[in-house]
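Below, all heavy atoms of this structure are taken into account, side chains as well, without hydrogens, waters or symmetry copies.
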Amino acid sequence: MRALRNLFGDSRGAALVEFALVAPVLLLMVLGMFEMGYNFYIQSQLQGAIQTAARASTIEGATQTSSQIDARVTNAVHMLKPDATVTFSRRAYTDFSDVHQPEDYTDIDGDGMCDNGEPFEDANGNGVWDADRGVSGGGGARDAVLYIVTVTYPRAFGAANFVGLSPTFTTQASTVLRNQPYADQYVPAKVGNCP
């Protein structure tokens, strides 16, 4: 009985047991903070690279060099993360205020939808009403171009494997700039009817 009382009163090694219980949680938190910091760093570098490339894409003659501009951004990303996958998207708009805006239409029946033959302005000239009036590609003179770069890469630290997150991380950066006025701006002036 006395030996049992001594065993319960003995606190030697308690710190080791407490550390063994706390260490996995602490390690996951530290790895998670490193992962977040690394992802923010990649995002800020990507945003800087896309700003530089997008500015270069707006100067005269840049429509012929889209692949070179994309290569510049890809090289900047691969300097940080060689195994990253980089994809690009460009949409051109007549004006900055048109970015991500639907084509205008007259809602005759008041249902909030473009349907039943209601007239609409075909801003992108494709013959159908669109929720985004932009045109794919770099656009022409004076167009506002939305340039989006998406980067996917394997996570830098292994914490994601323990908490059920995807082993890859995807980030996106975008910018909108106006093309230089080296020619007349093309503006389609069509009117169509909703289906």
Check: Got a donor-acceptor contact below 3.5 angstrom from the Gln172 side chain to the Val149 backbone?
Finding: no
Margin query: Salt bridge check, Arg178 against Asp95: does any charged N sit closer than 4.0 Å to a carboxylate O?
Written below: yes
Checklist line | Atom of Val73, atom of Ile50 and distance for their closest heavy-atom approach | finding: CG2-CA, 4.4 Å
Notebook entry, point to check: Are the side chains of Asp130 and Asn124 in touch, meaning some heavy atoms are under 4.5 Å apart?
Noted result: yes
Item checked: The single option from Thr94, Asp122, Asp104 passing side chain to side chain donor-acceptor pair (under 3.5 Å) against Arg133 -> Asp104
Next item on the list: Decide side chain to side chain contact (heavy atoms under 4.5 Å, CB included) for Met113 and Asp107; before the verdict, give the C-alpha distance in whole Å, the side-chain angles of both, and the deciding distance to 0.1 Å.
Entry: CA-CA 7 Å; Met113 295 171 39; Asp107 192 12; 5.9 Å; no
Notebook entry, point to check: Out of Thr171, Asp83, Asn39, which one pairs with Tyr153 under the side chain to side chain donor-acceptor pair (under 3.5 Å) rule?
Noted result: Asn39
Note to self: One pair to check against side chain to side chain contact (heavy atoms under 4.5 Å, CB included): Thr150 and Phe88. What are the steps and the verdict?
What the structure shows: CA-CA 6 Å; Thr150 304; Phe88 301 92; over 6 Å; no
Item checked: Donor-acceptor pair between Glu118 and Thr106 side chains, under 3.5 angstrom -> no
Notebook entry, point to check: Under the side-chain hydrogen bond (donor to acceptor under 3.5 Å, both in side chains) criterion, do Tyr105 and Asp115 qualify, and how do the steps go?
Noted result: CA-CA 10 Å; Tyr105 67 96; Asp115 56 4; over 6 Å; no
Checklist line | Pro119 to Ile108 - nearest heavy-atom pair and separation | finding: CD-CD1, 3.8 Å
Notebook entry, point to check: Quick one: do the Arg91 and Ser136 side chains pair a donor with an acceptor below 3.5 Å?
Noted result: yes
Next item on the list: Determine whether the side chains of Thr85 and Thr152 contain a donor N or O and an acceptor N or O closer than 3.5 Å.
Entry: no
Checklist line | Least distance between heavy atoms, Trp129 atom then Phe120 atom | finding: N-CZ, 3.4 Å
Next item on the list: Look at atom CZ of Phe96 and say whether more than 12 heavy atoms of other residues, nucleotides or ligands are closer to it than 6.0 Å.
Entry: yes
Note to self: With heavy-atom distances below 4.5 Å as the criterion, would you say the side chains of Met33 and Tyr38 are in contact?
What the structure shows: no
Note to self: For Ala84 versus Val151, what's the shortest heavy-atom pair and its separation?
What the structure shows: CB-CG1, 3.8 Å
Check: What pair of heavy atoms forms the shortest contact from Leu80 to Tyr41, and how long is it?
Finding: CD2-OH, 3.6 Å
Note to self: For residues Leu31 and Phe40: do they belong to one hydrophobic cluster (side chain heavy atoms under 4.5 Å, members Ile, Leu, Val, Met, Phe, Trp, Tyr)?
What the structure shows: no
Item checked: Side chain to side chain, Gln101 and Tyr93, heavy atoms closer than 4.5 Å -> no
Next item on the list: Walk me through it: do Asp70 and Arg90 pass the test salt bridge (charged side-chain N to carboxylate O under 4.0 Å, His left out)?
Entry: CA-CA 11 Å; Asp70 294 349; Arg90 287 179 181 82; 2.7 Å; yes
Checklist line | Joint cluster assignment, Leu177 & Val135, ILVMFWY side-chain distance < 4.5 Å | finding: no
Margin query: Are Leu27 and Phe34 linked, directly or through intermediate hydrophobic residues, by side-chain heavy-atom contacts shorter than 4.5 Å (ILVMFWY only)?
Written below: yes
Note to self: Checking the side chain of Asp143 only, and the main-chain atoms of Val145 only, is there a donor and an acceptor separated by less than 3.5 Å?
What the structure shows: no
Note to self: Which heavy atom of Ile148 sits nearest to which heavy atom of Ser174, and what is that distance?
What the structure shows: CG1-CB, 3.8 Å
